Q: 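Have a look at this one.
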Amino acid sequence: MLDIRLIRDNPGLMKERLATRGGELLAAMVDEVLALDGHRRTAETDLQKLQADRNRISKEIGLAKKQGQDTSAIEAEVRGIGDRIEQIGRDAEALDVKQRDLLLSIPNLPHDACPVGDSAEQNPEVRIWSQKPAFDFPVKDHVALGAQHGLFDFEAGAKITGSAFVVYRGQGAKLERALINFLLDLHSTHHGYMEVSPPLLVKSDCLVGTTQLPKFGDQVYHATEDDLYLIPTAEVPVTNLHREEIVKLEQLPIRYAAYTPCFRREAGAAGLGTRGLIRMHQFDKVELVKITTPESSIDELEKLTRDAEKSLQILGLHYRVIELCTGDIGFGSAKTYDIEVWAPGQNSYLEVSSCSNFGDYQARRMNLRYKDEKGKNRFCHTINGSGTALARLYVALLETYQRADGSIEIPAALVPYFGADRIG
RNA sequence: GGUGAGGUGGCUGAGUGGUCGAAAGCGACGGUUUGCUAAAUCGUUGUAGGAUGUAAAGUCUUACCGAGGGUUCGAAUCCCUCCCUCACCGCCA
């Protein structure tokens with residue numbers, strides 16, 4: 001959520017910066033929120049004047065009654081004020097809700113350091129790690145490799161749940177577990193993140209905090225009976241761990257690493273358009289989350305991205321890092337790096353991590369603050385990124401380490417977790 | 001799920017429907033005293049809005065005592081609903 005005061009003071013600049021995201025609607029939304037803000041404040045001022053009157057007169061009634069005077073005339077007068085308070089109060093409340101709703105659906109300002117561009121084609125490549133692996137035999141994709149070794153079973157997933165759900169089996173299930181443990185150990189033991197294991201169901205407030213609601217509600221599974229939502233990413237429960245808190249300056253930066261399954265409806269992506277494990281309704285992910293001061297968030301995003309990259313480096317996978325331009329960054333993000341791992345069987349790069357600095361956008365929505373050196377409460381900055389998404393990492397791993405006979409080599413770092421150095 | 005007890009400021013803990021944003025204590029911060037520490041003593045000490053102000057400061061004002069409704073001229077205090085915590089019972093991985 002943007003600061004209404006910034007918008008009030010600098011509407012032109014706000015519109016200009018939002019315009020780099022593309023879409024003509026944003027300028028109109030800024031105008032609308034400004035108009036609402038004016039009306040809201042007028043209503044609020046009127047309301048407060050009446051409340052002040054009522055408070056004053058009610059006190060007088062109290063005093064008069066103590067002296068045994070008759071107060072029925074004044075009481076009737078105050079009753080009239082009460083009615084007006086109720087009316088104007090309702091208006092003010094309605095305007096306030098409207099303003100907040102509108103503010104919630106205006107995206108974040110791109111950071112000054114975010115490259116300007118219209119679409120994904122203009123995303124600059126930041127760096128690239130190692131080279132594409134070369135094969136002297138025809139490569140198979142992970143679906144074929146999985147079938148050969150019985151690693152996972154799409155039919156079984158479809159039978160018990162539906163399409164785009166999968167059952168991992170045998171060594172396939174164990175490889176998944178090995179990757180989870182490897183990633184968690186890497187980030188907790190070696191990169192200093194605190195491991196957390198959060199609930200997979202959350203309240204709607206949490207989704208508002210991390211921006212999935214109100215705009216993207218059709219992407220999350222909703223357990224209506226209890227009004228709880230299945231998390232689409234660990235970002236949601238973990239960032240919200242500190243919602244409505246004032247954390248101490250010494251605690252920052254707070255760093256968490258969490259493994260969770262993630263649930264996404266992928267509504268609108270008819271048929272999902274992909275084969276195999278690349279886009280599922282449920283997938284595993286190890287997520288990194290940071291809560292920082294405004295001064296350090298840019299730097300902490302760089303570090304978090306490097307921490308995520310490290311997992312691919314250790315596993316010996318080829319990848320590239322691209323930076324998203326203003327036309328392509330997510331709704332709440334001010335600056336984002338995507339990490340894309342090479343998958344030989346797809347002959348393409350797969351996004352395995354998206355590392356974003358949200359500035360104070362999420363913190364303002366969830367009222368997450370810290371006390372600065374002067375004892376003043378300020379909004380924190382929040383950062384998160386996958387470290388990394390498991391299913392696609394799994395795809396890259398199988399396809400990169402396949403041999404001519406279809407057997408799969410396990411990278412050395414994973415052997416202790418997997419308990420063998422090959423599949424097949 | 002049932003019964004009972006609770007939810008008040010950073011913490012502990014008072015609060016008869018009417019100057020209660022809230023006693024007291026602790027803590028924290030500042031001053032005085034003091035050879036240092038300690039002690040003593042005085043003072044300050046919530047948050048978010050609105051109005052005024054070029055801005056800061058200041059001044060005025062509103063809301064907030066788990067959440068949301070209600071009664072009343074007036075609610076921390078009375079009523080209703082919900083949530084959470086604790087204890088016991090029931091059920092259960």
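Lettering follows sequence order; numbering is per chain, from 1. Remember, predicted model here, so these are calculated numbers, not experimental data. All values below come from the heavy atoms of this structure, side chains included, with hydrogens, waters and symmetry mates left out.
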Q: May I ask you to say whether E155(A) pairs ionically with K159(A), meaning some side-chain N is under 4.0 Å from a carboxylate O?
A: no
Q: Near RNA chain B, under 4.0 Å by heavy atom, which residues of residues 77-101 of chain A?
A: V78(A), R79(A)
Q: Taking for each residue the nucleotide of RNA chain B with the nearest heavy atom, is it E75(A) or R369(A) whose nucleotide lies nearer the 5' end?
A: R369(A)
Q: Working to the nearest 0.5 Å, report the span between OH of Y259(A) and CG of L390(A).
A: 7.0 Å
Q: For K65(A) and G17(B), give me the distance from atom NZ to atom P, rounded to whole Å.
A: 14 Å
Q: Do Y193(A) and D307(A) have side-chain N/O donor and acceptor atoms under 3.5 Å apart?
A: yes
Q: Provide, to the nearest angstrom, the distance between the CG atom belonging to L63(A) and the P atom belonging to C73(B).
A: 18 Å
Q: Between G74(B) and G17(B), how far apart are the two C1' atoms, rounded to whole Å?
A: 8 Å
Q: Between atom CD in E44(A) and atom P in G49(B), what is the gap in whole Å?
A: 10 Å
Q: Quantified in whole Å, what is the P atom distance between nucleotide G4(B) and nucleotide C42(B)?
A: 48 Å
Q: Under the criterion side-chain contact (heavy atoms from CB on, under 4.5 Å), which of V220(A), T210(A), V202(A) is the partner of P232(A)?
A: V220(A)
Q: Checking E399(A) against Q346(A): is there a side-chain donor and acceptor pair closer than 3.5 Å?
A: yes
Q: Between R41(A) and G49(B), is there a contact of a side-chain N or O with OP1 or OP2 at under 4.0 Å?
A: no
Q: Can you tell me, in whole Å, how much space there is between the C1' of G9(B) and that of C88(B)?
A: 33 Å
Q: Can you check whether any acceptor in the base of G49(B) is under 3.5 Å from a donor in the side chain of Q48(A), or vice versa?
A: yes
Q: Determine the interatomic distance between P on U72(B) and the same-named atom on U54(B); round to the nearest Å.
A: 45 Å
Q: Measure the spacing between OG of S311(A) and NE2 of H187(A) and express it to the nearest 0.5 Å.
A: 5.0 Å
Q: Using the side-chain contact (heavy atoms from CB on, under 4.5 Å) rule, pick out the option among L398(A), L151(A), T400(A), I408(A) that qualifies with H142(A).
A: L398(A)
Q: Using a 3.5 Å limit for the pairing distances, which stems of at least 3 consecutive Watson-Crick or G-U wobble pairs does RNA chain B take part in?
A: B:1-7 with B:83-89, B:10-12 with B:24-26, B:27-32 with B:40-45, B:46-52 with B:58-64, B:66-70 with B:78-82
Q: Hey, does K49(A) reach any base, or is it just sugar-phosphate, or nothing, if we go heavy atoms under 4.0 Å?
A: nothing
Q: Measure the distance from CG on D37(A) to C1' on A51(B) and round it to the nearest whole Å.
A: 14 Å
Q: In whole angstrom, give me the gap between the P atoms of C20(B) and C26(B).
A: 23 Å
Q: Expressed in angstrom and rounded to an integer, what is the separation of N377(A) atom CG from G10(B) atom P?
A: 10 Å
Q: Rounded to the nearest Å, what distance is computed from the CD atom of residue E244(A) to the C1' atom of nucleotide C84(B)?
A: 14 Å
Q: Rounded to the nearest 0.5 Å, what separation is found between the CG atom of L393(A) and the CG atom of L397(A)?
A: 6.0 Å
Q: Want to settle it: does G62(A) or I4(A) sit nearer the 5' end of RNA chain B, counting the closest nucleotide to each?
A: G62(A)
Q: Within residues 50-60 of chain A, which residues have any heavy atom lying less than 4.0 Å from an atom of RNA chain B?
A: Q51(A), A52(A), R54(A), N55(A), S58(A)
Q: Taking R41(A) first and then D37(A), would you say they form a salt bridge - that is, a charged N and a carboxylate O separated by under 4.0 Å?
A: yes
Q: Within this structure, what is the CG-to-P distance between D372(A) and U47(B), rounded to whole angstrom?
A: 12 Å
Q: When rounded to the nearest Å, what value does the distance between C1' atoms of C29(B) and C64(B) take?
A: 25 Å
Q: E302(A) and Y337(A): side-chain donor and acceptor closer than 3.5 Å?
A: yes
Q: Check whether the side chains of E309(A) and Y319(A) place a donor and an acceptor atom closer than 3.5 Å, and report yes or no.
A: yes
Q: What interatomic distance, in whole Å, is found between C1' of G21(B) and the corresponding atom of C84(B)?
A: 25 Å
Q: When you compare G27(B) with U12(B), how far apart are their P atoms, in angstrom units rounded to a whole number?
A: 15 Å
Q: For a quick check under 3.5 Å, do E235(A) and Q362(A) share a side-chain donor-acceptor pair by atom type?
A: yes
Q: Starting at atom CD of E373(A), determine the distance to atom C1' of C29(B), rounded to an integer number of angstrom.
A: 17 Å
Q: Within the 3.5 Å criterion, strictly below it, is a donor on R378(A) or Y370(A) matched to an acceptor on the partner's side chain?
A: yes
